[in-house]
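A quick write-up on the structure given underneath.
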Amino acid sequence: MSKPATTHDSRRVPTRSTLVLPEWLEAGLLGGLAVAAVFFVRDSWLGEPLHTASVLGTLLLDGAAARQTTSAPGAAAIYNAVHFAIWVVLGLLGAQAARRAEDDTSLRWMPVALLVVVVLGLAGLDAIVRETELTRAYLWLGGATGLIVVAGFLGWRHPATFRR
């Protein structure tokens, strides 16, 4: 049995694993799951597993007039649907920014700019939730975890984006 001939090409094509879902969808779902896991663990530790999702769902449904401080599974379910939709959109934007920055080095500012915008939005959302005094959700902690997971995933998928 002879070995197949191999060719040596000076151009290296990066190998990428085959994804089950589109890259942007995987990135968004991973980010959303990371955030949900942080708050599930935190809330479980405090004795009320769906507290943060319930409060945020109540705020989403009732606005600043919300006064609920106990878990509400219906509000938590609605919040989680919105939560994952937002993270999928962030995954789409992040994947597009990473792909463009990888293809054109002059666009490396795009992923950084997107990250700054998301962090500022997260800080604003955190301030709004804290004003209601319903919870000490620490949204920045969950959001930072989600952003780290999305950035890590996209960095793994697009390594040239972050190379000099």
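None of these values were measured; they are calculated from a predicted model.
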Return the minimal non-hydrogen interatomic distance between [X] and [Y], and the atom names on each side.
X	Y	value
Ala75	Ser54	CB-O, 3.8 Å
His158	Ala98	CD2-CB, 3.8 Å
Pro49	Ser44	CB-OG, 3.6 Å
Ala34	Gly146	CB-CA, 4.2 Å

To the nearest 0.5 Å, what is the distance between [atom1] ([X]) and [atom2] ([Y])?
X	Y	atom1	atom2	answer
Ile148	Leu30	CD1	CG	14.0 Å
Asn80	Phe40	CG	CZ	11.0 Å
Leu125	Leu56	CG	CG	7.0 Å
Leu154	Glu26	CG	CD	10.5 Å
Trp87	Leu25	CH2	CG	14.0 Å

Can you get from [X] to [Y] by hopping between Ile, Leu, Val, Met, Phe, Trp and Tyr side chains that sit under 4.5 Å apart?
X	Y	answer
Leu114	Trp156	yes
Trp109	Leu93	no
Val38	Val41	no
Val116	Leu122	no
Val149	Val89	yes

Side-chain ion pair, Glu23 and Arg99, N-O less than 4.0 Å | yes

Criterion side chain to side chain contact (heavy atoms under 4.5 Å, CB included) on Leu147 and Val119, from CA distance to verdict | CA-CA 9 Å; Leu147 290 174; Val119 167; 3.8 Å; yes

Side chain to side chain contact (heavy atoms under 4.5 Å, CB included) against Leu33, all qualifying residues, sequence neighbours excluded =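 For Leu33 the side chain to side chain contact (heavy atoms under 4.5 Å, CB included) partners, ignoring immediate neighbours, are Phe84.
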
Donor-acceptor pair, Asp43 side chain versus Leu50 backbone, under 3.5 Å?
-> no

Would you check if the side chain of Asp104 reaches a backbone N or O of Arg100 as a donor-acceptor pair within less than 3.5 Å?
-> no

Is there side-chain contact between Val88 and Leu29, with heavy atoms separated by less than 4.5 Å?
->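 Side chain of Val88 against side chain of Leu29, heavy atoms only: contact under 4.5 Å found.
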
Is any side-chain heavy atom of Glu102 less than 4.5 Å from a side-chain heavy atom of Pro159?
-> yes

Partners of Tyr79 by ring-ring contact (aromatic ring centres under 6.0 Å, His included), sequence neighbours excluded?
-> His83

